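Have a look at the structure below, then the notes.
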Amino acid sequence: MKSKVLSGENLKRLREYRTITDVSGPLLMVEGVEGAKYAELVEITLPSGEKRRGQVLQVEEDKALVQVFEGTTGLDIPETTVRFLARGIELSLSPDMLGRVFDGLGRPIDGGPEIIPDVKRDINGSPINPYARDYPNEFIQTGVSAIDGLNTLVRGQKLPIFSGSGLPHNRLAAQIARQARVLGAEEEFAVAFGAMGITFEEADFFINDFKKTGAISRSVLYLNLADDPAIERIATPRVVLTTAEYLAFDLDMHVLVILTDMTNYCEALREISAARKEVPGRRGYPGYLYTDLATIYERAGRIKGKKGSITLIPILTMPEDDKTHPIPDLTGYITEGQIILSRALHRKKIYPPIDVLPSLSRLKDKGIGEGKTREDHADIFNQLFAAYARGKEAQELAVILGEAALSDLDKLYYRFADIFEERYVGQGEYEERSIIETLDLGWELLSMFPRAELKRIRDKYLDKYLPRFKKEEKKEAGEER
């Protein structure tokens, strides 16, 4: 490894300052500073010898505003020294990171040794240049039917999960991390998992689940706990994506990035903004929330000429289950669709409680079809969606008029909606369905309708697939008799 030679200017900047003039929450103001730069790393030394880390948030002439990661509690202003380190927050990167658990700033918390880096990178990477982007068009199998069959995830896509407080989004995140894979050729696949503001119990669940199922061997976990400094939450998603960029574009791996919970990240951003006395935007969030989220989300994707890719699933809890809240609203503008979890399905004890009708994957058409999933996938998707939508309408009508007012056909759609939720949307937490099993299940459920009702499926696919499932249905009816 090449040693870094500090220039005279950098050596000058590495001197210590005892010129803290103001402390506000996690922020402190240092005056008389020469050459400080935005996002530069800072070392704060207390009179006791304790060292804390911080980052420059703002520079104005000879004044620097520093956010302290560990907070400013117990800080003695006259006796505390501040040293500017002439670099940003850097992450040590190596293939040995796979299978390890780190805190939100990349420090090992699994009892293992420090990472010996192949390379060090600043965590404030750049979004992918739109001109250099390659179009996502390869199917990723998650093993979850409601995603694979109806809201297909494509390699290089950004597909968020909109959840609510108390819904099982963490269990779904762990399941996707365990089961996700690229079909076809044997490709190296890895998971970069980042959790922000989670409880110790949730952290314990993720660590134990990944270890128990063996998923840890291809994963890197970054866990920022609820009692960790809120400032650390600002860095965590950037640490995760820096890891993902190294695995994808240096080691040619297909990387799935899961970030939970982005709402906690945005709350930390609002806290810092309030401490800086910035003019608030919608609901008190900073006016640059959209730009800030974009600098995270747009680091995912595929790059022309590169074998690796980054697929991103950010998870966020919608305050009061409100889809118009600034966090889900702005996330929806930046990403390519959304998967929405339903409290009504959760009350019915259906897992995962994915609300199919408002959910959407804008790139699904690019990742399905012959050679990717199966030739009949698009038609099956359209027919299932239409039948379920009509079934939900029939159920709403039955609430108003009574079930007796429904026609026989409406009653069939009414019954289909219930069966669809129980059998297609609902599945076990450790049940992994292949895309073929998911498509066959779709045919099995649709076989309860007369052929004339399956108007969204082409005749050639009806001729090829429907007779097999109609025979199975008759056989089961005969056995019941």
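This structure is a prediction, so every number in the text was calculated from the model and none was measured.
- No donor-acceptor contact under 3.5 angstrom links the side chains of R121 and S92, judged on distance only.
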Legend entry - T331 vs Y297, side chain to side chain donor-acceptor pair (under 3.5 Å): CA-CA, chis, key distance, verdict: CA-CA 9 Å; T331 295; Y297 297 150; 3.2 Å; yes

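- A heavy-atom distance below 4.5 Å is not found between the side chains of I198 and N224.
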Inset, instruction - Check the pair Y351, L345 against side-chain contact (heavy atoms from CB on, under 4.5 Å), reporting the backbone distance first and the verdict last. - result: CA-CA 8 Å; Y351 172 87; L345 288 177; over 6 Å; no

Inset, instruction - Could you go through the side chain to side chain donor-acceptor pair (under 3.5 Å) check for D379 and Y465 one step at a time? - result: CA-CA 12 Å; D379 289 17; Y465 294 101; over 6 Å; no

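- Cation-pi check for R107 over F102 is not met; the charged atom does not lie both under 6.0 angstrom from the ring centroid and within 45 degrees of its normal.
- Applying the 6.0 Å contact sphere to CZ of F200 captures no more than 12 heavy atoms from other residues, nucleotides or ligands.
- Side chains of L91 and K120 form no contact here, defined as non-hydrogen atoms less than 4.5 Å apart.
- Note that the NZ atom of K364 and the CD1 atom of I147 stand 14.0 Å from one another [nearest 0.5 Å].
- Side chain of S24 to main chain of L27: no donor-acceptor pair is present (N/O by atom type, distance under 3.5 Å, no hydrogens or angles).
- With values rounded to the nearest 0.5 angstrom, L159 atom CG is found 8.5 Å from I176 atom CD1.
- Counting only N and O atoms by type, the side chains of N137 and R302 include a donor and acceptor under 3.5 Å apart.
- Between L269 and Y285 the shortest side-chain heavy-atom distance does not fall below 4.5 Å.
- Enclosure of atom NZ in K304 by more than 12 non-hydrogen atoms of other residues, nucleotides or ligands within 6.0 angstrom is indicated.
- Under the 6.0 Å distance and 45° angle rule, K366 does not count as a cation-pi partner of F139.
- A side-chain contact (heavy atoms from CB on, under 4.5 Å) with F69 holds for exactly one of Q55, R52, R233; it is Q55.
- In this structure, the side chain of T317 does not engage the main chain of G164 through any donor-acceptor pair within 3.5 Å.
- Looking at R362 and E336, no side-chain N of the basic residue comes within less than 4.0 Å of a carboxylate O on the acidic one, giving no salt bridge.
- Two residues are said to be in side-chain contact when any heavy atoms from C-beta on lie closer than 4.5 Å; L259 and M196 meet this criterion.
- A side-chain donor-acceptor contact under 3.5 Å links Q157 and S361.
- Under 3.5 Å, the side chains of S145 and R433 contain a donor-acceptor pair of N or O atoms.
- Ionic pairing of R423 and E444 is present here: one or more N-O contacts between side-chain nitrogen and carboxylate oxygen are shorter than 4.0 angstrom.
- Scanning both residues, I44 and G54, for their nearest heavy atoms gives CD1-N, 3.9 Å.
- Side-chain atoms of T72 do not come within 3.5 Å of backbone N or O of V68 as any donor-acceptor pair.
- Between atom CG of residue L153 and atom CG of residue L256 there is a gap of 7.0 Å, rounded to the nearest 0.5 Å.
- The OG1 atom of T243 lies 11.0 Å from the CG atom of L221; values are rounded to the nearest 0.5 Å.
- Checked by atom type, the side-chain pair D148/T438 shows no donor-acceptor distance below 3.5 Å.
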Inset, instruction - Begin with the C-alpha distance, continue with both residues' side-chain angles, and end with the deciding distance and a verdict on side-chain contact (heavy atoms from CB on, under 4.5 Å) for R343 and D321. - result: CA-CA 9 Å; R343 203 168 291 281; D321 294 355; 2.7 Å; yes

Inset, instruction - Go through the steps for R53 and E70 under the test salt bridge (charged side-chain N to carboxylate O under 4.0 Å, His left out), then give the verdict. - result: CA-CA 7 Å; R53 294 205 293 174; E70 293 86 356; 5.2 Å; no

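- In this structure, CZ on F249 lies 3.5 Å from CD1 on I303, to the nearest 0.5 angstrom.
- Shortest non-hydrogen contact noted between K158 and T335 is O-CB, 3.5 Å.
- You'll find the side chain of V356 reaches within 4.5 Å of the side chain of F420, heavy atoms only.
- Within the 4.5 Å cutoff, the side chain of P352 has no heavy atoms near those of the P168 side chain.
- Centroid-to-centroid, the aromatic rings of H325 and F162 stay 6.0 Å apart or farther.
- Residues E267 and R270 are paired through a salt bridge, judged by an N-O separation under 4.0 Å between the basic side chain and the carboxylate.
- Of the possible donor and acceptor atoms, none in the side chain of Q175 sits under 3.5 Å from a partner among the backbone N and O of L172.
- Judged purely by atom type and a 3.5 angstrom limit, S342 has no side-chain atom pairing as donor or acceptor with the backbone of D355.
- The backbone N or O of P127 lies less than 3.5 Å from no partner atom in the side chain of E298, so there is not a single donor-acceptor pair.
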Inset, instruction - Evaluate the criterion side-chain contact (heavy atoms from CB on, under 4.5 Å) for residue pair Y222 and D103; output intermediate values, then yes/no. - result: CA-CA 5 Å; Y222 293 94; D103 71 2; 6.0 Å; no

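- A salt bridge links D110 and R100; the closest N-O separation between the charged side-chain nitrogens and carboxylate oxygens is under 4.0 Å.
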Legend entry - Evaluation steps, side-chain contact (heavy atoms from CB on, under 4.5 Å), between D118 and L93: CA-CA 6 Å; D118 281 5; L93 298 165; over 6 Å; no

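- The shortest distance between side-chain heavy atoms of V101 and P108 does not fall below 4.5 Å.
- Pairs engaging residues 203-212 under the salt bridge (Lys or Arg N to Asp or Glu O under 4.0 Å) rule: R178-D209 [sequence neighbours left out].
- The heavy-atom pair separating T324 from R282 by the smallest distance is O-NH2, 3.1 Å.
- Two residues are said to be in side-chain contact when any heavy atoms from C-beta on lie closer than 4.5 Å; T213 and Y430 meet this criterion.
- At a threshold of 4.0 Å, the pair R374-D440 counts as salt-bridged, since one of the basic side-chain nitrogens sits closer than that to a carboxylate oxygen.
- Classified by interplanar angle (parallel below 30°, tilted 30° to 60°, perpendicular above 60°), the ring pair F210/F206 is perpendicular.
- Taking the charged nitrogens against the carboxylate oxygens, E138 and K372 have no contact shorter than 4.0 Å, which rules out a salt bridge.
- Distance check: I234 CD1 to L105 CG gives 11.0 Å after rounding to the nearest 0.5 Å.
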Inset, instruction - Starting from the C-alpha separation in whole Å, work towards a yes-or-no answer on salt bridge (charged side-chain N to carboxylate O under 4.0 Å, His left out) for K348 and E421. - result: CA-CA 10 Å; K348 291 182 182 178; E421 288 174 356; 2.9 Å; yes

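- Comment: K323 does not engage D329 in a salt bridge, judged by the lack of any side-chain N to carboxylate O separation of less than 4.0 angstrom.
- Here the side chain of Q141 pairs no donor or acceptor atom with the backbone of R181 at under 3.5 angstrom.
- For E202 (side chain) and L225 (main-chain N/O), no donor-acceptor pair under 3.5 Å exists by modelled atom type.
- In summary, D322 and R283 engage in a salt bridge, as defined by a charged side-chain N under 4.0 Å from a carboxylate O.
- A distance-only check finds a donor-acceptor pair linking the side chain of H169 to the backbone of L167 [under 3.5 Å].
- K464 has a carboxylate O that lies under 4.0 Å from a charged side-chain N of E375, or vice versa, which qualifies the two as a salt bridge.
- Checking side-chain atoms of Q179 against main-chain N and O of T142 turns up a donor-acceptor pair under 3.5 Å.
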